[in-house]
Amino acid sequence: MTAALNDDRDGRNARWDDHREQRRRHIVDAAIELVEELPIGAELTLQDVADKAGLVRTVVQRHFGGRIGLVRAVQADVVAQAFTLISSAAENLTTYRALTDDLVATTVSWVGGHPKLHVLIERELGDGEPSELSRAITEFAEQLTALNALIASGFGLILDERQIAETRLLYIGLIGQVRATTSHWVLHDQDLVSAEVVVSLLSNWILKQTLDLAARYGLEIDADEPFAGLVHRWRQHGVDV
């Protein structure tokens, strides 16, 4: 009897959790639609989102705790979608140059296609916490730093603590460069500078800086060498890729 009651309670809790998650998803989707409709940089309010979602304001507040909680949830969702799209550009690896071009082109394309969402995720919320974009950038820089260390080990170079810190600083700077350039471009220069030119400029800057750092550590990498050749060399050094 007790087991049956517990099963019923667990079933109700699971259904309630599903309902709550579906409701949150509905509200976030409505908020994203609303941002795309409003003037660029417009404030996202609980009442406007509730109206868009066909709900009362108190329901939205109950799910997110207030406007800042709602905006942070929307930021997190948009950032996750954007980074998933950008990361997918790295799936077809050919050369360093092609990889850089694809990552930058996907980023510029997303920013150019969603300037209002881009402004939203750039916004600090004034609650003493970094924006969700800042959090994602920090994680991405750590991933790139780890990848760089793997590449270096493939050439027989084990980066020390200082070199890893230097690499992390480089990637933080490169990501910030892309962030600042695309932010200014989408708000001020789209009519003067094409997306293709922005991609070319950023890709060239990124390649030069990353390959210069590699050269400082004694690694001469050809940006146009096929990855297949690099993988072969890494395997010769005992790296499993």
Side-chain angles (χ1 to χ4, degrees), residues 32-33 35-42 44 74-124 130-145 147-148 151 166-216 221-227 230:
I32 291 173
E33 281 187 42
V35 171
E36 296 277 38
E37 295 170 3
L38 292 172
I40 193 166
L44 197 63
V74 175
Q75 281 187 339
D77 194 76
V78 173
V79 166
Q81 291 184 44
F83 269 80
T84 297
L85 178 65
I86 292 166
S87 298
S88 69
E91 291 179 359
N92 296 318
L93 302 181
T94 52
T95 66
Y96 267 105
R97 189 180 306 280
L99 172 61
T100 303
D101 287 347
D102 286 349
L103 288 172
V104 173
T106 305
T107 302
V108 171
S109 176
W110 186 87
V111 172
H114 304 280
K116 297 174 183 179
L117 292 177
H118 179 70
V119 169
L120 178 75
I121 64 176
E122 285 281 357
R123 184 176 298 159
E124 299 292 343
S131 69
E132 295 303 312
L133 179 60
S134 295
R135 296 180 194 273
I137 285 173
T138 299
E139 293 176 5
F140 192 41
E142 291 290 350
Q143 293 170 12
L144 293 173
T145 301
L147 176 61
N148 185 82
I151 292 171
E166 289 176 351
T167 305
R168 185 183 303 112
L169 288 173
L170 173 66
Y171 285 124
I172 289 290
L174 289 174
I175 295 170
Q177 191 173 25
V178 172
R179 182 179 180 180
T181 300
T182 54
S183 294
H184 187 88
W185 169 73
V186 78
L187 292 176
H188 304 290
D189 293 328
Q190 278 200 82
D191 293 336
L192 298 172
V193 183
S194 69
E196 291 76 18
V197 170
V198 174
V199 170
S200 177
L201 289 171
L202 284 170
S203 294
N204 288 333
W205 297 338
I206 290 170
L207 276 175
K208 178 172 175 50
Q209 292 173 84
T210 53
L211 297 184
D212 280 354
L213 182 65
R216 281 184 58 192
I221 299 175
D222 183 351
D224 296 305
E225 179 179 357
F227 269 108
L230 290 173

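Just so it is clear, the values below take in all heavy atoms, side chains as well, and ignore hydrogens, waters and symmetry mates.
- The backbone N or O of E196 sits nowhere less than 3.5 Å from a side-chain atom of S200 that would complete a donor-acceptor pair.
- Rounded to the nearest 0.5 Å, atoms CZ (F83) and CD1 (I137) are 5.5 Å apart.
- Checking side-chain atoms of R123 against main-chain N and O of G41 turns up a donor-acceptor pair under 3.5 Å.
- Results of the side-chain contact (heavy atoms from CB on, under 4.5 Å) test with V198 over V108, V178, D189 single out V108 as the only residue that passes.
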List the steps, then state whether side-chain contact (heavy atoms from CB on, under 4.5 Å) holds for E142 with I172.
CA-CA 9 Å; E142 291 290 350; I172 289 290; over 6 Å; no
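- Paired with R179 under the rule side-chain hydrogen bond (donor to acceptor under 3.5 Å, both in side chains), one option of H118, H184, E122 passes, and it is E122.
- Once rounded to the nearest 0.5 Å, the distance linking OG of S109 with CG of D102 reads 11.5 Å.
- When all heavy atoms of A82 and W110 are compared, the closest pair comes out as CB-CE2, 3.8 Å.
- What you find for S134 and E124 is that their closest heavy atoms are OG-OE2, 3.6 Å.
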Stepwise side-chain contact (heavy atoms from CB on, under 4.5 Å) test for K116 and L38:
CA-CA 8 Å; K116 297 174 183 179; L38 292 172; 6.0 Å; no
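- Between T210 and Y171, the shortest heavy-atom distance links the atoms CG2-CE2, 4.2 Å.
- In terms of heavy atoms, V111 sits closest to T182 at CG1-O, 4.0 Å.
- Of all the heavy atoms in A223 and T95, the pair that sits closest is O-CB, 3.4 Å.
- When all heavy atoms of R168 and T145 are compared, the pair lying nearest together is CA-OG1, 3.3 Å.
- No side-chain heavy atom of V186 sits under 4.5 Å from any side-chain heavy atom of V119.
- Residues V79 and R135 fail the side-chain proximity criterion, which asks for heavy atoms closer than 4.5 Å.
- We find the CG-CD distance between L117 and E36 to be 4.0 Å, quoted to the nearest 0.5 Å.
- Taken to the nearest 0.5 Å, the CG atom of L144 stands 8.5 Å off from the CG atom of L103.
- Between the CG atom of L85 and the OG1 atom of T106 there is a distance of 6.0 Å, given to the nearest 0.5 Å.
- Atom CD1 of residue I206 and atom CG of residue L174 lie 5.5 Å apart, to the nearest 0.5 angstrom.
- In this structure, the side chains of T181 and L201 stay at 4.5 Å or more apart for every pair of heavy atoms.
- Side-chain atoms of E166 and L170, non-hydrogen and from C-beta on, never get closer than 4.5 Å to each other.
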